[in-house]
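For reference, the structure discussed in these notes is given below.
In what follows, every chain begins at residue 1, and chains take the letters A, B, ... in the order their sequences are listed.
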Amino acid sequence: MPRWYRRHKRDLPWRRTLDPYAIWVSEIMLQQTRVETVIPYYERWMRAFPTVEALARAPLSRLQKLWEGLGYYTRARNLHRAARQLASKHPRCLLVESGESKERSFLRFTGWMELPGVGRYTAGAIASIAFDERAAIVDGNVARVFARVFNIRDSVKSPATQRRLWTLAESLLPLRGCGEFNQAVMELGALVCLPSNPQCAACPLRWACKAPGDALPNRGPKQQIQRVTEDVMLARRGGKVLLRRRPATGLLAGMWELPPLDGRRGRLVLTLRCAITNRRITLRVWRCAVRGTPSGCHWMSPGRLIMPAAHRQALA
DNA sequence: AAACCGTGGAA
DNA sequence: TTTCCAAGGTT
């Protein structure tokens, strides 16, 4: 596996460093998010906040602006909280080993687990990749690879199967090079052991695989998707747009959006589709002429505000 | 334990 | 077109 990995691994920005801060940032961004989506966000982020200290000093609103469009926005808030926690409680754990060889203390797996937004997978990924700690990981890729190689047909959502996957991951861990091993399994899932049309002929594990190419893992019963149509109004006045702020908790917490069309007349200028977990939304945007300021709304310059992707698109 | 939390790309 | 789902975590 490590041999296959060294030969085929993609050249990704966060693979060019062993800086635990950089790896941490990349892991948070990559949660439930595709590599190609993350890359530009990651590069902008690292340019803006090269170190934990820089991140801890920055105002939350600045991180949120850089995060706009990435989704799962509590990740940005957690990253900020964790950075401040880290900078105060573990001031030396994220030093990069340099030519001067500064003293670098060691934040272990359990230390990472205490940070908001860092769970078992992320803590294991950082510990193994940045510190070569002997920590296992199970993500979507690992689950798929293991499900096929070991022919695991029970739902991967069940606690029993989860335990089995984690136990497997731990038992397969080498004594050294765990970071490389973990990434190798994930990379195999990303490049070869694909969800559909897996490239079994090119797989280094085909000799051992018990269920090559099967439609695994079994994800259990699929969730119901509900369709919704939302009508919103686009009202411009000078450089400003009529916007409404969402509640501070829940879906798209605290973000600014186009206000709902409340029974006035307008011209349909745009319809776009967006999906939020189990909801599929058709967003219809109506251009309206608005005199005063409807209750709960504000005339805002949208540039610096943080908006949901679909609403941001509607302004363009 | 099951539900919630975004987005965009691919099949 | 619709469906699936990607380097998950929190409540």
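Side-chain atoms of A/T51 and A/R57 include no donor-acceptor pair closer than 3.5 Å. For the residue pair A/Y121 and A/Q31, no side-chain donor N or O sits within less than 3.5 Å of a side-chain acceptor on the partner.
For A/R75 and C/dT10, the shortest distance from a side-chain N or O to OP1 or OP2 is not below 4.0 Å. Note on A/Y41: every side-chain N or O is 4.0 Å or more away from OP1 and OP2 of B/dT7. Between A/R34 and B/dG6, a side-chain N or O to OP1/OP2 separation shorter than 4.0 Å is absent. Contact annotation: A/Q32 reaches the phosphate of C/dG8 (side-chain N/O to OP1 or OP2, under 4.0 Å). The phosphate of B/dC4 (OP1 or OP2) has no side-chain N or O of A/R279 nearer than 4.0 angstrom. Applying the 4.0 Å criterion to OP1 and OP2 of C/dG9, one finds that A/T122 has a side-chain N or O inside that range.
Listed by chain and number, the residues in a salt bridge (charged side-chain N to carboxylate O under 4.0 Å, His left out) with A/R62 amount to none (sequence neighbours excluded). For A/E170, the salt bridge (charged side-chain N to carboxylate O under 4.0 Å, His left out) partners at least two apart in sequence or on another chain are A/R120. Annotation: salt bridge (charged side-chain N to carboxylate O under 4.0 Å, His left out) contacts of A/R47 (sequence neighbours excluded): none.
Under the 4.5 angstrom side-chain criterion for Ile, Leu, Val, Met, Phe, Trp and Tyr, the cluster partners of A/M307 are A/V232, A/L234, A/V241, A/L243, A/W256, A/L258, A/V269, A/L270, A/L272, A/L283, A/V285, A/M300, A/L305, A/L315.
Within residues 301-316 of chain A, the residues that have a heavy atom under 4.0 Å from DNA chain B are, in order of number, A/P308, A/A309, A/Q313. Proximity of residues 155-162 of chain A to DNA chain B (heavy atom under 4.0 angstrom from any strand atom) is restricted to A/P159.
Taking only side-chain atoms of A/K222, from C-beta outward, the nucleotide of B/dG6, C/dC4, B/dC5 with the closest atom is C/dC4. Checking B/dT7, C/dA6, C/dT2 against every side-chain atom of A/R219, the shortest atom distance belongs to C/dA6.
Protein atom CZ of A/R273 is 10 Å distant from nucleotide atom P of C/dT3, rounded to whole Å.
Judged by distance alone, with hydrogens and angles left aside, the side-chain atoms of A/N218 form no donor-acceptor pair with the main-chain N or O of A/K157 at under 3.5 Å.
Within 6.0 Å of CZ on A/R304 lie no more than 12 heavy atoms contributed by other residues, nucleotides or ligands.
Geometrically, A/R44 engages A/Y41 in a cation-pi contact defined by less than 6.0 Å to the ring centre and at most 45° from the axis.
In this structure, A/G189 reaches neither bases nor backbone, as no heavy-atom distance under 4.0 Å exists between it and the strands shown.
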